[in-house]
Structures are given as C-alpha cells and as structure tokens.
Amino acid sequence: MEFIPRSEEEMELRRGAWTAEEDLVLMNYIALHGEGRWSSLARRAGLRRTGKSCRLRWLNYLRPDVRRGNITPEEQLLILELHSRWGNRWSKIAQYLPGRTDNEIKNYWRTRVQKHAKHLHCDVHSKQFKDVLRHLWIPRLVERIQATSGDSVVASAGAEAPTTCDGPMNAIPELAQVKMSPESSSTGGWSSVDSLG
DNA sequence: AAACGGGTCAACCGCGAGTTC
DNA sequence: AGAACTCGCGGTTGACCCGTT
C-alpha cells in the first residue's frame, strides 16, 4: 500500500500535534515495514509529515516500550549522576533509563532541576549547585529509595550493562559509591528538595 | 466564573555527523 | 573528492493543564 502524492495539496506538509489517525498510520506502517529511512517512510506511508517528525513521534511516543510520566527516585538519582558525568548528553543518559526518551529526560532536567537552581540563584553548572546536589539532593533521593525498598538498592551494586530492565540503579556500578558515601547522610536545610519527585 | 500565571511536555528547528551516489 | 541527502542530537517554542486570585 504505497501512497504517491500527486497534487500540491497532497504534498503540503502537516505540522503540530499528531492526530490519532496519523498515529495509527505510522504504527501500522512500521509494524509492516519496520522503522528507519524516515524520509521515505513518511512518503510511502502517506503521511504528510517530515521524516524527522515521524521519527520523533515514534521514538518519543508510539514505541511500544516507551514509558512516560512518574520518573522514579531511582531514575532521578541516575539522571543526576549521569548528568554530572556527561552534561547535557540526553540521548546517552537515556540509554541507561530503559523506556525513557532523551526528550523526557531533558524536560525533567529543565523543569525540575533547573528550576531549583534558579530558586537558589545559582547556575546548574556551578560548584555551589553541584555541592547541593551531592550533599542534599542525592542523599534525600537515596533515603526515599531505601525507605520504599529496604536496602535492596544498596545491595544491588553489581555491574550490569545499560538497558537492563531490572531497575536503572543497576546500570552504573559506580553509583553505589555515591549512594553509600558517608558524607551522604542528610544535612537538611533545603526543604524544597522534598518536592522533586 | 473568569482571568492570570506557572509548570509540563509534545513538537519543531538548526546544526553537525554520517552515508550515499 | 565532494555534493546531496539523511539521521540524530540538543536547544527552544508553544499549546495545554491546573492551581490561585
């Protein structure tokens, strides 16, 4: 079932929010032909969208394994740790959070983390803010994780490859050091940290 | 009930890297 | 070799939602 655009109108590209019908067309096409080669996929599927738009819609929304909303404390901890290591390498960070997209992680960082940096009147890249993360935010997250799952988190400090689905904390062996460092006991004083979840 | 403001998130844009011809 | 095309990434925007006044 191939769609060859004939008129100017048919070739005009759509933009903005995707409709349920468009989603269905894209999902059906990918189910039959697989993903990739997005520009020709868009044409052949009969979608008046750019290949870019189709790729984004599939990766961030329609993919069967995509998870949205409710970023867990474990995932937050992992994001903070990985971001401190790699900076704004969202797609790389996303590789360690199965089902999460780079877009969602980026949004989380901008709406939650940057917001708190702003409230503290410092830059997210400043030493001051990094200290706050290490000494306040991360210990709070660790406490929350331990409170909800006993000590299993700390005990899980084994090495696992990225994309493991047993929980994101398994992905980075060194994370155990962050979680278990003596200095990580809470010093309190930054009450807004509690609202980050 | 309406207006307003802030937060969230889906989607677009620009650019650089990689690939194909 | 290099032009044209495609893909993927990170930054940004804008629409929508929800709480507050």
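Below, chains carry the letters A, B, ... as their sequence lines are ordered, and counting in each starts from 1.
- Among residues two or more places apart in sequence or in another chain, the side-chain hydrogen bond (donor to acceptor under 3.5 Å, both in side chains) test is passed with A/W38 by none.
- Take A/S53 and apply the side-chain hydrogen bond (donor to acceptor under 3.5 Å, both in side chains) test, not counting sequence neighbours, and it matches A/W18.
- Distances from the side chain of A/S39 to the nucleotides B/dC12, C/dT6, B/dA10 place C/dT6 closest.
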Could I get a table of every N or O pair under 3.5 Å where one atom is in the protein and the other is in nucleotides 14-18 of chain C?
none

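- With sequence neighbours excluded, the residues forming a side-chain contact (heavy atoms from CB on, under 4.5 Å) with A/L59 are A/E35, A/R55, A/R63, listed by chain and number.
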Nucleotides 15-21 of chain B: which of its N/O atoms have a protein N/O under 3.5 Å away?
from, atom 1, to, atom 2, distance (Å)
B/dC15, N4, A/K52, NZ, 3.2

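- Two end axes, each from the C1' atoms of five base pairs, can be drawn for the helix from B/dA2-C/dT21 to B/dC21-C/dG2; they diverge by 20°, to 10 degrees.
- Residue-level contact check: A/G51 touches neither bases nor backbone, having no heavy atom under 4.0 Å from any strand.
- For A/R57, the salt bridge (Lys or Arg N to Asp or Glu O under 4.0 Å) test picks out A/D23, with sequence neighbours left out.
- Partners of A/R68 under the salt bridge (Lys or Arg N to Asp or Glu O under 4.0 Å) rule, at least two apart in sequence or in another chain, do not exist in this structure.
- At the phosphate of C/dT6, neither OP1 nor OP2 sits under 4.0 Å from any side-chain N or O atom of A/S40.
- Listed by chain and number, the residues in a salt bridge (Lys or Arg N to Asp or Glu O under 4.0 Å) with A/E22 are A/R14, A/R49 (sequence neighbours excluded).
- Legend: residues meeting side-chain hydrogen bond (donor to acceptor under 3.5 Å, both in side chains) with A/N88, ordered by chain and number and at least two apart, are A/H83.
- Taking A/N28 as the reference, nothing meets the side-chain hydrogen bond (donor to acceptor under 3.5 Å, both in side chains) condition, with sequence neighbours excluded.
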At a cut-off of 3.5 Å, list every protein nitrogen or oxygen paired with a nitrogen or oxygen from nucleotides 10-13 of chain C, distance to 0.1 Å.
from, atom 1, to, atom 2, distance (Å)
C/dG10, OP1, A/N88, O, 3.4
C/dG10, OP1, A/R89, NE, 3.3
C/dG10, OP1, A/W90, N, 3.4
C/dG10, OP2, A/W90, N, 3.1
C/dG10, OP2, A/S91, N, 2.9
C/dG10, OP2, A/S91, OG, 3.4
C/dG10, O5', A/N88, O, 3.4
C/dG11, OP1, A/N88, ND2, 2.9
C/dG11, OP2, A/N88, ND2, 3.3
C/dG11, OP2, A/W90, NE1, 3.0
C/dG11, N7, A/K106, NZ, 2.6
C/dG11, O6, A/K106, NZ, 3.0

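- Aromatic ring centres of A/W90 and A/Y108: separated by at least 6.0 Å.
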